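The next block holds one structure in the form of structure tokens; read it before the comments.
Predicted model only: the values in this text are computed from it and were never measured.
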Amino acid sequence: TLSPSWRRHVAHVQSLNAAIADAVCSITGKEVIVDSSKTGLQLKYLLESPVLDVKVLRLVRDGRGVALSYRTADGLSVPDAAYAWRRSNEEAETIVEHLSPDRWFDLRYEDLCRDPEATMQGVFRFVGAEPFALHQAASVEPPHLLGNDKARSSIGDVRLDERWRRVLTSADLQAFDRVAGPLNRRFGYAQ
């Protein structure tokens with residue numbers, strides 16, 4: 001069991017999260033907030049909030065592409081990058097397997113890149129947001145973004161990045177497969 005001081009801390013953080021969400025909705029006039037946090041622990045506590053109606057968008061991407069990103073951005077070896085991708089997805093699976101199907105949605109990166117309009121309409125329905133055409137939204141109203149300046153400056157065309165197909169060597173792909181191949185295939189990505 002958790003100590004009383006930890007339970008009080010969690011309750012306090014949950015009330016702060018609810019207050020922030022309420023303030024953002026009040027200021028923007030919106031009813032839905034998308035939080036792009038990527039840690040399972042934070043999601044776990046958000047899901048336990050008694051006042052927030054949290055729905056989970058689980059972004060699923062071919063792990064080989066993610067491994068290349070980790071290698072490029074963080075200097076990880078392919079096996080270490082594959083392990084990081086696998087552990088992150090195992091953590092996400094552990095969380096969503098305890099949720100009812102109406103509380104989580106698999107958002108496939110490749111689908112989003114290939115057909116952003118149709119994919120996002122499914123997301124809007126899932127979160128209970130009013131559907132709208134993406135190409136019209138950009139010209140009508142700028143998005144409300146909280147966070148870093150990089151997020152604000154990177155809005156633009158959606159492009160599928162499959163550089164891993166030409167950059168990763170056969171040895172890299174074998175190393176990835178030894179560490180994370182079964183999970184990648186379970187997500188529907190062929191070897």
Side-chain angles (χ1 to χ4, degrees), residues 21 24-25 28-40 42-43 46-47 52-70 72-73 81-82 85-86 88-168 173 176 180-191:
V24 169
C25 287
T28 63
K30 305 297 182 191
E31 296 179 8
V32 175
I33 295 174
V34 176
D35 175 12
S36 64
S37 299
K38 295 167 183 70
T39 64
Q42 183 171 357
L43 175 58
L46 283 171
L47 287 165
L52 296 176
D53 179 19
V54 177
K55 294 190 174 188
V56 178
L57 289 171
R58 180 173 71 162
L59 182 61
V60 177
R61 181 180 180 194
D62 190 313
R64 294 165 290 193
V66 178
L68 178 59
S69 274
Y70 288 171
T72 303
W85 175 84
R86 190 188 83 207
S88 174
N89 281 282
E90 287 170 344
E91 180 181 49
E93 279 193 321
T94 299
I95 292 169
V96 299
E97 72 185 3
H98 293 85
L99 298 177
S100 62
D102 64 328
R103 292 201 58 203
W104 67 283
F105 181 92
D106 271 346
L107 175 59
R108 297 184 70 84
Y109 164 82
E110 293 82 5
D111 294 343
L112 180 62
C113 292
R114 288 186 181 113
D115 192 352
E117 187 70 41
T119 304
M120 287 306 299
Q121 296 309 319
V123 170
F124 297 147
R125 281 189 299 278
F126 168 70
V127 300
E130 189 70 29
F132 59 88
L134 296 179
H135 67 279
Q136 293 173 346
S139 63
V140 173
E141 181 178 345
H144 296 283
L145 295 173
L146 303 176
N148 63 35
D149 288 331
K150 183 180 177 193
R152 284 184 202 60
S153 65
S154 64
I155 297 170
D157 292 335
V158 176
R159 291 189 198 115
L160 180 63
D161 179 359
E162 288 191 319
R163 287 176 298 131
W164 67 267
R165 292 184 184 277
R166 67 179 187 281
V167 173
L168 295 180
L173 293 171
F176 175 88
L183 180 60
N184 208 40
R185 285 187 289 283
R186 200 164 79 230
F187 284 148
Y189 299 106
Q191 190 167 358

Approximate separation, where rounding is to 0.5 Å, of Asp115 CG and Arg108 CZ: 14.5 Å
Over 12 foreign heavy atoms within 6.0 Å of CD, Glu97: yes
Test salt bridge (charged side-chain N to carboxylate O under 4.0 Å, His left out) applied to Arg114 - qualifying residues, sequence neighbours left out: Glu162
Approximate separation, where rounding is to 0.5 Å, of Leu107 CG and Met120 CE: 7.0 Å
Tell me which donor-acceptor pairs under 3.5 Å the side chains of residues 52-59 have, and how far apart each pair is, sequence neighbours excluded?
residue, atom, partner, partner atom, Å
Lys55, NZ, Phe126, O, 3.0
Arg58, NE, Asp106, OD1, 2.6
Arg58, NH2, Asp106, OD1, 3.1
Arg58, NH2, Asp106, OD2, 2.9

Counterpart residues, side chain to side chain contact (heavy atoms under 4.5 Å, CB included), relative to Gln191 (two or more places apart): Asp177, Arg185
Salt bridge (charged side-chain N to carboxylate O under 4.0 Å, His left out) against Asp161, all qualifying residues, sequence neighbours excluded: Arg163
CD on Glu91 to CG on Leu43, rounded to 0.5 Å: 8.5 Å
Listed partners of Arg86 passing side chain to side chain donor-acceptor pair (under 3.5 Å), at least two apart: Glu90
Listed partners of Asp62 passing side chain to side chain contact (heavy atoms under 4.5 Å, CB included), at least two apart: Arg64, Glu110, Trp164, Asn184, Tyr189
Arg103: partners by salt bridge (charged side-chain N to carboxylate O under 4.0 Å, His left out), with sequence neighbours left out: none
Side chain to side chain contact (heavy atoms under 4.5 Å, CB included) involving Cys25 - partner list, sequence neighbours excluded: Ile33
Parallel, tilted or perpendicular: rings of Trp85 and Phe176 (30°, 60°): tilted
Side chain to side chain donor-acceptor pair (under 3.5 Å) against Asp111, all qualifying residues, sequence neighbours excluded: none
Sequence-distant partners of Arg186, side chain to side chain donor-acceptor pair (under 3.5 Å), two or more places apart: Glu93
Counterpart residues, salt bridge (charged side-chain N to carboxylate O under 4.0 Å, His left out), relative to Arg159 (two or more places apart): Asp157
With Thr39 via side chain to side chain donor-acceptor pair (under 3.5 Å) - residues at least two apart: none
